[in-house]
Amino acid sequence: MKLKRTHDCGQLTRANVGEEVILNGWVDSCRNHGGLIFLDLRDRYGITQCQIDPATTVGGEEFKTESVVAVRGTVQPRPEGNVNRKRATGEIELMALECELLGPTKTIPFEIVDDSDTREDLRLKYRYLDMRRAPLTRAMVFRSEVTRIIREVFHAERFVEVETPLLMKTTPEGARDYIVPSRLQPGKVYALPQSPQLFKQTLMVCGLDRYFQICKCLRDEDLRADRQPEFTQLDMEMSFVEPDDVFAVIEKTVTRLWKELLGKDLPATFPRLSYREVMDRYGIDKPDTRFGLELQDVSAIAASCGFQVFSGAVAAGGSVRAIVVPGGAELGRKKIDALEAVAKTYGAKGLAWVKINADGFQGPVGKFLTEDELRAMMAKAGANTGDLMLFVADRNPVVYASLAQVRLALGRELDLIDKSRTDVLWVTEFPLFEYDEEAGAWFAMHHMFTMPSTPLPDRPGAAMADIHGKLYDLVINGNEMGSGSVRIHLPEVQRKVFELVGMGQEEADMKFGWFLRALEYGAPPHGGIALGLDRLVMVMLGYDNIRDVIAFPKNASGVCPLTESPSEPLGDTLDVLGLQLNPDFFKKVETEG
RNA sequence: GGCCCGGUGGCGCAAUUGGUUAGCGCAUCAGACUGUCGAUCUGAGGGUUGAGGGUUCGAGCCCCUUCCGGGUCGCCA
């Protein structure tokens with residue numbers, strides 16, 4: 001290139017008038033008026049208008065949108081009345097003396113505008129074009145700032161940044177592993193990390209005291225709008241700590257991120273709510289507390305009512321809970337049906353409702369309950385005339401899950417969520433174990449390395465439901481942003497937990513023997529947390545899709561439309577590993593099954 | 001794997017109850033134009049409506065199968 005830039009496209013102002021400069025960038029738009037051409041040159045930093053006189057400008061012509069061009073010219077003030085107030089460089093323009101086409105372009109497949117509505121797989125196929133859009137460029141720069149600040153805080157707090165292996169031992173608990181076959185050890189495989197959990201705990205046994213890492217984690221599960229097969233975590237671990245010590249570091253980090261990057265003040269410490277409390281009030285362990293409509297337990301009244309659906313649910317050990325929608329008596333049947341559909345998605349058999357009109361009760365529940373029972377429920381739930389009450393009666397997990405989602409749907413539908421608010425909170429005191437009715441077994445709710453708060457029972461059983469762990473989640477605006485715990489540092493406790501979730505001694509030694517051995521040699525009490533970095537950036541920017549904060553994401557089918565991965569293995573890749581792929585395997589299983 | 005939504009020129013959309021030659025905006029190409037700023041004006045080209053099958057005198061529209069994309073449930077310790 002002959003014309004190498006002296007400035008970027010966002011920095012020239014009145015102060016530069018008279019200077020001869022060179023700009024390099026992309027053609028944002030090129031407006032040809034015949035006798036003169038206006039060329040908007042764009043780079044990451046901004047857009048500067050260049051004026052080309054086709055008669056005198058060397059190499060001056062109309063350039064194709066998105067081609068890469070260099071312009072040498074003189075900075076001049078724009079004539080009176082032609083200032084563009086929308087741009088930082090709007091007071092000046094570059095009178096082009098010479099132009100050079102640095103990178104020609106084919107006609108682009110879609111327009112590059114901020115509010116793109118091009119379908120996403122096409123945007124991903126041409127990611128380099130899509131990324132030139134301001135919202136995506138901004139996300140990348142913003143994300144870089146987030147990690148910069150995180151590193152500043154953690155280094156200032158004397159954390160050591162350590163890289164842990166990508167090729168590690170497979171431990172198929174939890175999510176499905178991505179597997180990497182070993183060439184040097186035929187017949188064996190590595191796994192890609194679902195998280196560096198055991199390595200970071202081992203680093204505590206190493207005596208590093210405070211560790212952090214911004215690392216990739218990989219889980220072979222189905223994708224969602226907020227879930228990618230590979231994602232990034234801010235992972236940290238500290239020795240000789242209680243949960244409060246972990247909270248303090250994260251609170252410092254998060255408040256500083258919000259302050260520096262969004263100019264918003266968050267409280268110095270975040271509210272702590274117990275798992276019991278958030279489930280009771282919101283039915284979900286990641287509550288969006290930016291609006292009300294909390295769940296109301298009317299089981300006591302429902303237990304003795306004549307409505308079998310209600311009384312039966314309570315008798316079976318479940319509950320009847322309600323959401324009161326203030327002014328909800330105005331809601332039409334269509335909207336209530338839509339809410340019922342939400343409830344059913346989450347396992348509810350139905351969504352009972354009653355409108356409290358001035359002239360009486362209206363709705364299916366009204367027919368089955370006496371007026372006294374309805375009035376008692378109104379009082380218990382805090383409902384008034386003009387309100388709508390929505391009920392779910394079922395087993396507790398179903399009641400919680402369905403009403404929690406009905407509540408969120410109402411929040412969106414009735415526009416109750418104050419988007420200007422940032423509600424950050426800790427959810428604490430999670431149960432350590434959960435019972436999986438399908439599998440008929442107990443398993444660890446978070447993971448198997450969390451220190452119990454109370455003594456463990458001798459053998460698996462119902463008593464496990466009452467065991468709580470030093471477990472905590474960070475929740476921001478209803479998003480699970482991070483999860484952590486104080487860990488087990490005593491090998492006999494760790495062995496006991498393995499045993500309680502049905503892992504025999506032999507199996508435990510095969511999978512985690514190396515780690516149990518590490519705990520036997522002076523392991524410090526320790527704890528930590530991992531934050532989802534992609535989600536954090538997504539929430540900070542107010543985006544609703546995780547792909548928009550990741551440079552080269554996969555689509556919902558796990559395919560990268562840009563590179564077309566995954567792809568058929570090439571050459572002797574498989575032979576070297578002694579492998580054979582059998583894509584028809586799944587079809588066969590289907591037809592034979 | 002289940003459910004919901006979608007697939008129509010390069011991109012975004014439209015097309016009464018099934019009914020002429022499938023329209024519109026942007027983009028593209030050609031021409032005009034010395035103050036635009038996502039320029040404007042004039043004109044032109046560009047489509048086997050994702051694929052396959054069926055119903056019908058007639059299918060973009062209805063039915064079946066299938067592929068692709070988005071969302072979601074399951075799943076994600």
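Sequence lines set the chain letters: A, B, ... in the order given, protein chains first and strands last, and positions in each chain run from 1.
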(request) Using both distances under 3.5 Å as the test, list the Watson-Crick or G-U wobble partner of B:C41, or none. (result) B:G31
(message) Taking 4.0 Å as the cut-off, does a side-chain nitrogen or oxygen of A:Arg176 come that near to OP1 or OP2 on B:C76?
(response) no
(request) Take atom C1' in B:U49 and the same atom in B:G9, then report the distance between them in whole Å. (result) 10 Å
(request) Looking only at non-hydrogen atoms, find the nearest pair between A:Met168 and A:Pro165 and report the distance. (result) SD-O, 4.1 Å
(request) Using the C1' atom on both, measure B:G1 against B:C57 and round to a whole Å. (result) 43 Å
(request) Take atom CG of A:Leu408 and atom P of B:C73, then tell me their distance rounded to the nearest Å. (result) 11 Å
(message) Donor-acceptor check, side chain of A:Gln494 to backbone of A:Met448, threshold 3.5 angstrom: yes or no?
(response) yes
(request) For A:Arg224 and B:G2, give me the distance from atom CZ to atom P, rounded to whole Å. (result) 14 Å
(request) Answer yes or no: are there more than 12 heavy-atom neighbours, outside A:Lys335 itself, under 6.0 Å from its atom NZ? (result) no
(request) Would you mind telling me which residue lines up with the more 5' stretch of RNA chain B, A:Asp117 or A:Met445, judged by nearest nucleotide? (result) A:Asp117
(request) Output the single nucleotide from B:C75, B:G69, B:C11 whose closest atom is nearest the side chain of A:Asn555. (result) B:G69
(message) At 4.0 Å (heavy atoms only), tell me whether A:Ile108 reaches a base, stays on the sugar-phosphate, or touches nothing.
(response) nothing
(message) Using 30° and 60° as the class boundaries, would you call the ring planes of A:Phe512 and A:Phe498 parallel, tilted or perpendicular?
(response) parallel
(request) Mind calculating the distance between CD1 (A:Ile546) and P (B:G71) to the nearest angstrom? (result) 11 Å
(request) Might you point out which heavy atoms bring A:Leu351 and A:Ile336 nearest each other, and give the distance in Å? (result) CD2-O, 4.4 Å
(request) For nucleotides B:G53 and B:C13, find the distance between their P atoms and express it as a whole number of Å. (result) 28 Å
(request) Check A:Thr454 against A:Asp466 and note the closest heavy-atom contact, atom names and distance. (result) OG1-O, 4.4 Å
(message) Between B:C24 and B:G58, how far apart are the two C1' atoms, rounded to whole Å?
(response) 26 Å
(request) Might you point out which heavy atoms bring A:Asp43 and A:Gly10 nearest each other, and give the distance in Å? (result) OD1-N, 4.3 Å
(message) If you compare all heavy atoms of A:Pro431 against all heavy atoms of A:Ala465, which two are closest, and at what distance to 0.1 Å?
(response) CB-O, 4.4 Å
(message) Please classify the nucleic acid contact of A:Ser195 as base, sugar-phosphate, or nothing, using heavy-atom distances under 4.0 Å.
(response) base
(request) Quickly work out the A:Leu192 CG to B:C76 C1' distance and round it to whole Å. (result) 16 Å
(request) Could you identify which residues of residues 464-484 of chain A place a heavy atom less than 4.0 Å from some atom of RNA chain B, listed by residue number, or say none? (result) none
(message) Does B:C29 have OP1 or OP2 under 4.0 Å away from a side-chain N or O of A:Lys64?
(response) yes
(request) Using only heavy-atom distances, decide whether a donor-acceptor pair under 3.5 angstrom links the side-chain of A:Arg227 to the base of B:C76. (result) yes
(request) Scan A:Arg547 against the nucleic acid and name what it touches under 4.0 Å (heavy atoms): base, sugar-phosphate only, or nothing. (result) sugar-phosphate
(message) Taking pairing as Watson-Crick or G-U wobble with both contacts under 3.5 Å, can you name the mate of B:G25, or confirm there isn't one?
(response) B:C11
(request) For A:Met204 and A:Tyr211, work out which heavy atoms get closest and say how close. (result) CE-CB, 3.8 Å
(request) Mind listing the residues from residues 341-350 of chain A sitting with a heavy atom below 4.0 Å of RNA chain B? Number order is fine. (result) A:Thr345, A:Tyr346
(message) If I take atom CD in residue A:Gln405 and atom C1' in nucleotide B:G74, what distance separates them, rounded to the nearest angstrom?
(response) 14 Å
(message) I want to check something: taking the side chain as every heavy atom from C-beta on, are A:Leu39 and A:Val69 in contact at a cut-off of under 4.5 Å?
(response) yes
(request) Calculate the interatomic distance between A:Glu62 atom CD and B:A30 atom C1'; express it in whole Å. (result) 12 Å
(message) Suppose you measure atom C1' in B:U17 against the same atom in B:G70; what distance do you get, rounded to whole Å?
(response) 31 Å
(message) Distance check, P atoms only: B:A14 and B:U8, in whole angstrom units.
(response) 11 Å
(message) So does A:Pro135 get a backbone contact from the side chain of A:Tyr543, meaning a donor-acceptor N/O pair under 3.5 Å?
(response) yes
(request) Could you tell me the separation between the CD1 atom of A:Ile112 and the P atom of B:U28, rounded to a whole number of Å? (result) 12 Å
(request) Could you encode protein contacts along nucleotides 34-39 of chain B as a string, one character per nucleotide from 5' to 3', using B for base contact, S for sugar-phosphate-only contact and - for no contact, with a heavy-atom cut-off of under 4.0 Å? (result) SBBBBB
(request) Flag yes if more than 12 heavy atoms outside A:Lys169 fall under 6.0 Å of its NZ atom; otherwise flag no. (result) yes
(message) Salt bridge check, A:Arg495 against A:Asp509: does any charged N sit closer than 4.0 Å to a carboxylate O?
(response) yes
(request) Report the distance from atom NZ of A:Lys125 to atom C1' of B:C68, rounded to the nearest whole Å. (result) 13 Å
(request) Provide the distance between the two P atoms, one in B:A44 and one in B:C26, to the nearest whole Å. (result) 15 Å
(message) Between A:Arg119 and A:Asp121 (salt bridge meaning N to carboxylate O under 4.0 Å), is one present in this structure?
(response) yes
(request) Write down the distance separating the C1' atoms in B:U21 and B:C67, rounded off to the nearest Å. (result) 31 Å
(request) Go ahead and name the base partner of B:U49; Watson-Crick or wobble counts if both distances stay under 3.5 Å, otherwise write none. (result) none
(request) Examine B:G69: is either OP1 or OP2 under 4.0 Å from a nitrogen or oxygen in the side chain of A:Ser557? Give yes or no. (result) yes
(message) Taking donor-acceptor contacts at under 3.5 Å, does the side chain of A:Asp222 reach the base of B:G74?
(response) yes
